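Below: the structure, in structure tokens.
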Amino acid sequence: MNFDVEYYRRDFPALQRTLYGRPLTYFDNTATSQTPKCVVDAIESAYYNSKANVHRGVHTMSQEMTALQEAARERVRGFINAESTEEIIFTRGTTEGINLVAACMGDSFKDGDEVIISVMEHHSNIVPWQLLQRRKDIKLRVIPMDECGVLNMDAYRGLFNEHTAMVSVTHVSNVLGTVNPVKEIVAEAHRHGVPVLIDGAQAISHRKVDVRDIDCDFYAFSAHKMYGPTGVGVLYGRKSWLEKMPPYQGGGEMIAHVSFDHTTYADLPFKFEAGTPDFVCIAAMHKAIDYMESIGIKRIEEHEQELLKYATERMAAEFPQIRIYGNAPVKDAIISFMLGDAHPYDVGLLLDKQGIAVRTGHHCAQPLLESLGLEGVARASFALYNTREEVDRFIAALHRIEPMLL
Ligand code: PMP
């Protein structure tokens, strides 16, 4: 495959740095990806040339910034194939998107209602529903998985009853890499008339996401995991649901008319965008999408899959002591592992000393880790700019640290 990774690496200044005199090997892409220069340039240009508040002024700079923000909304719409920009809500990230849905959809839930989530959810798709439990007597029902990290779809089908009000599951597990069959999950929920939220934080930069094909009712993701800026994200919501939902927060920009007695709300999507949005980073997210699409999401996915296969095979062949968690047949480029009984923090610290950044800990998925009988794991995850040479360096470093830890 003709994927000129060295060419793309030059777009990412952070990748040129060294750690402890060694070249940086950045394998913590699941937590956040590095940012290409075009995205940072867009931030600089907006701050230097057109920083004016959006949707507020008749003056030229305000109009320019508004145009940049709304162009980004149209770009996001096309990127995920939503029907209308009214369905694209700018948020602070995945977490805020899920909290918004839990709070606003939850408003109409009745005591006794149930929300189906899965065992592999990130805390940000567990805790918002638990916060709702302070207002409503709702139950969480959890889809189990098998030993490879594949959701048990029979068990899922068995969780529905007349109290099921919502399904909320992750597209891709940030620990196991499992790519969940979201179309099937949505189809089953819709057979019961139940809406579905998909947590797309880990899917959006690794595979093509088409919300109309998935047919989900909500889809949340963060820009910082897709080569974009920090602090912004997107919640896609089906228009018919967004129209029914009450606003999330109150403030400027989300209103049609305010009096001390009564307020009417702005049209979609602004009803859900109270206050000044991070319009600079929203404009920069546009560039991140352009960047990914200029390379091709499919090509990025193929490159990452090759790295996943290569690294997994070498780890399995060369380290009898390594256990890899997550062996689903459809899996994104995430490898969570234990090196014998070595503490994952020790693995992470020793790898760091060799210039290799991996994540360690519970990865904001404590219930999943507990179900595996673990407190933490080390996790290596790949992005478009990672190389086979970096995997070689990682394997060599593991060989070096193994005798120190076991
Ligand atoms: N869901 C999943 C599956 C994630 O991996 C993450 C980030 N680790 C989140 C949600 C939360 O994303 P953010 O912190 O950007 O809101």
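All values derive from a computational prediction rather than experimental measurement. In what follows, residues are counted from 1 in the order of the sequence shown. Whatever order the structure lists them in is the order used to number ligands and atoms, beginning at 1.
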**Asked** Between Thr66 and Gln63, do the side chains contain an N or O donor and an N or O acceptor separated by less than 3.5 Å?
**Response**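 No, Gln63 and Thr66 have no side-chain donor paired with an acceptor closer than 3.5 Å.
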
Between [X] and [Y] (salt bridge meaning N to carboxylate O under 4.0 Å), is one present in this structure?
X	Y	result
Glu313	Lys309	yes
Glu302	Arg299	no
Glu87	Arg212	no

Considering [options] one by one, which has a heavy atom nearer to [atom] than any of the others?
atom	options	answer
atom 2 (C) of ligand 1	Asp199, Thr32, Val232, Asn174	Asp199
atom 10 (C) of ligand 1	Ala31, Ser124, Ser222	Ser124
atom 7 (C) of ligand 1	Arg359, His123, Gln202, Lys225	Lys225

**Prompt:** Is Thr30 close to ligand 1, meaning an N/O of one under 3.5 Å from an N/O of the other?
**Reply:**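 Checking ligand 1 against Thr30, no N or O pair falls under 3.5 Å apart.
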
**Item:** Where at least one partner belongs to residues 396-406, residue pairs that pass salt bridge (Lys or Arg N to Asp or Glu O under 4.0 Å), sequence neighbours excluded
**Value:**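 Sorted pair list comes back empty.
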
**Message:** Applying a heavy-atom cut-off of 4.0 Å, say which part of Thr94 lies close to ligand 1: side chain, backbone, both or neither.
**Reply:**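 Both of them.
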
**Request:** For Thr170, take its heavy atoms, then give the atoms of ligand 1 lying under 4.0 Å from any of them.
**Result:**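 Under 4.0 Å from Thr170, ligand 1 has these atoms: 3 (C).
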
**Request:** Answer yes or no for His224: is there a heavy-atom contact with ligand 1 below 4.0 Å?
**Result:**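 Yes, His224 has heavy atoms under 4.0 Å from ligand 1.
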
